[in-house]
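Report on one structure; see the data block that follows.
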Amino acid sequence: MQSVPRVRIAPSPTGYFHVGTGRTALFNWLFARRHGGTFVLRIEDTDTARNRPEHVEGIMSSLRWLGLGWDEGPFLQSERGELYRRAIDVLVGKGAVYACDCTPADIQERARLRGGPPGYDGFCRDRGLEATSGRMLRFRTPRDGSVSFTDLVRGNPTFPLAAIEDFGVRKSNGEPLFILANVVDDADMAISHVIRGDDHTSNTPKYALLWEALGYGQLPVFAHLPLINNAQGKKLSKRRDKVAVEDFRDDGYLAEAMVNYLALLGWSPGDDREILPLEEMVAEFDLGDVKSSPAIFDERKLASVNSQYLRKMTPEELVERSGLWLRSRWEPLAPLVQERARTLAEVFSMVEFLYRSEPVIDQAEWDKALRKNAKFASVLEAAAETLAGAEWDVEGVHAALSAAGDKAGVANLRDSQAPVRLAVTGRAVGPPLMESLVQLGRDKTLARIQAGLARAKEAALSG
Ligand code: GLU
């Protein structure tokens, strides 16, 4: 091992900060701290169709909340295009890549035929096309032999080259593909250990081929961290499971408990200790102790770790910490609540919906609204749809609610807001709806709208 390692966390700003990214960041951070190394933050935002700048802020605030400060960066790949262009020139100069104009449909069709004619791999081949703009560039993968690399978690996997397609390195619009930018940056940033999720293991043979073609010398050491499954043993998924670190923060988990629990997703100190403060983890962390079998993310287990941290506090600390949390949740709504409340007790009832796992529905108001508005359920149905794809800010939510009103055939915004307000906050009045939904967050808003819809339908059946 090099005496001073350099590691990185390289998230793509395509969504919320996933607990898996939190675990990867933590293992990199622990490894760097343990060995006096450097922890780099790199934002992999080359996929312009999928990246959103606001997620970069979310990545940084989640890392800060977890206490995983970085020593260098953030470096944005979107600002490093020149470096990738130069690397592509090197590959072109060496004849390591060729132009290709296969469409996704061509590739799909060939994949369908794969396994039909014996020996047919369905991969793209060099057809001698000129490298004009509008054509992608593919790496010419040798057909014979194999590629292997050092992996501290998975042993040293070997991949036969015959199974690796001629992968793309540059898109037809000239943008570098993920694998190219990933390799060029690791070389440029002198990364010694690539510690990342197991979902990237299959990219690593391509990584190794590119690394060699670009003449970068000795390959970094890899550590592919185990997959994370949910409590039912299925791969954690954004759709099904709660996976955003921000959501755990908003639900009142402590950062130190979260970090402690994340560390146990694949690693253990070698005995049955489960509660380990960060300093102890730094002293004991070893990539060689990381298991390769999938880890289980179980919120009940996290809650149990969290409760142990809560119990260790003094009552004064508990009051202080929960006060900070309560405050952070409703503070953004304060100027709006101020305009409407007459007492502190009313302030509380206006923001209470932010803290409950389910809203307390004012039944009299609910029945009244349902009676007055024949489109009540249709509005909720339409809002569930439009809000699911909305930009999660005041303008985006406003546009989605107007669209829902149009869809449901409701003339004014008031009538389309009332059902949503009741379903989400439980009340007929409160701070402005858009700001309230933005603060509550998309997932909770959608879950409450669905529950409200079920309730409205039930009422229709029984009434
Ligand atoms: N940008 C990749 C991701 O978010 C990480 C790549 C890497 O760590 O090498 O999955």
Side-chain angles (χ1 to χ4, degrees), residues 5-32 37-60 62-63 68 70 72-80 83-84 87 149-154 157 167-169 171 175-211 214 216 219-228 235-238 243-245 262 265-266 287 290:
R6 289 178 58 84
V7 295
R8 75 326 189 254
I9 181 73
S12 303
T14 53
Y16 298 104
F17 191 85
H18 193 284
V19 287
T21 314
R23 193 266 316 255
T24 302
L26 173 63
F27 284 24
N28 274 284
W29 187 92
L30 287 171
F31 185 73
T38 302
F39 176 51
V40 177
L41 171 59
R42 176 167 90 219
I43 306 292
E44 299 210 323
D45 57 351
T46 50
D47 187 349
T48 43
R50 294 180 59 225
N51 295 308
R52 302 234 190 108
E54 70 267 22
H55 293 315
V56 176
E57 199 33 62
I59 289 169
M60 294 198 286
S62 296
L63 285 171
L68 307 178
W70 53 96
E72 291 179 16
F75 299 109
L76 270 67
Q77 289 191 327
S78 54
E79 293 173 358
R80 297 165 60 82
L83 212 60
Y84 314 134
F149 49 88
T150 306
D151 191 315
L152 298 177
V153 177
R154 300 175 49 95
F167 52 94
V169 297
K171 293 193 214 169
E175 284 175 9
L177 274 151
F178 154 75
I179 187 86
L180 181 100
N182 188 249
V183 168
V184 170
D185 276 347
D186 280 349
D188 185 66
M189 295 172 189
I191 299 302
S192 60
H193 294 72
V194 174
I195 305 168
R196 58 183 179 180
D198 190 39
D199 47 332
H200 287 290
T201 303
S202 60
N203 288 325
T204 307
K206 301 174 191 170
Y207 181 116
L209 290 169
L210 267 181
W211 186 277
L214 288 164
Y216 289 151
L219 202 60
V221 170
F222 292 85
H224 286 104
L225 308 177
L227 275 183
I228 304 178
K235 188 173 180 245
L236 262 198
S237 106
K238 220 158 63 183
V243 294
V245 168
L262 290 177
L265 298 176
L287 283 171
V290 174

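Order of listing sets the numbers, starting from 1, for every ligand and every atom in it.
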Are D185 and R8 close enough for a salt bridge, meaning some N to O gap below 4.0 Å? no
With sequence neighbours left out, write down each residue that passes ring pair (Phe, Tyr, Trp, His ring centres under 6.0 Å) with Y84, or none if nothing qualifies. none
Anything under 3.5 Å between an N or O on ligand 1 and a protein N or O? List each pair with its distance, or write none.
{"unit_1": "ligand 1", "atom_1": "1 (N)", "unit_2": "A10", "atom_2": "O", "d": "2.7"}
{"unit_1": "ligand 1", "atom_1": "1 (N)", "unit_2": "S12", "atom_2": "OG", "d": "3.1"}
{"unit_1": "ligand 1", "atom_1": "1 (N)", "unit_2": "E44", "atom_2": "OE1", "d": "2.7"}
{"unit_1": "ligand 1", "atom_1": "4 (O)", "unit_2": "S12", "atom_2": "N", "d": "3.4"}
{"unit_1": "ligand 1", "atom_1": "4 (O)", "unit_2": "S12", "atom_2": "OG", "d": "3.4"}
{"unit_1": "ligand 1", "atom_1": "8 (O)", "unit_2": "R8", "atom_2": "NH1", "d": "2.8"}
{"unit_1": "ligand 1", "atom_1": "9 (O)", "unit_2": "R8", "atom_2": "NH1", "d": "3.3"}
{"unit_1": "ligand 1", "atom_1": "9 (O)", "unit_2": "R8", "atom_2": "NH2", "d": "2.8"}
{"unit_1": "ligand 1", "atom_1": "9 (O)", "unit_2": "N182", "atom_2": "ND2", "d": "3.0"}
{"unit_1": "ligand 1", "atom_1": "9 (O)", "unit_2": "R196", "atom_2": "NH1", "d": "2.8"}
{"unit_1": "ligand 1", "atom_1": "10 (O)", "unit_2": "H200", "atom_2": "NE2", "d": "2.8"}

Rounded distance [0.5 Å steps], CD in Q77 versus CG in L180: 9.5 Å
F39 and I9, any side-chain heavy atoms less than 4.5 Å apart: yes
Give me the atom names and distance for the closest heavy-atom approach of P74 to M60. CG-SD, 3.7 Å
Side chain to side chain donor-acceptor pair (under 3.5 Å) for N182 and R196? Distances and angles first, verdict last. CA-CA 12 Å; N182 188 249; R196 58 183 179 180; 3.2 Å; yes
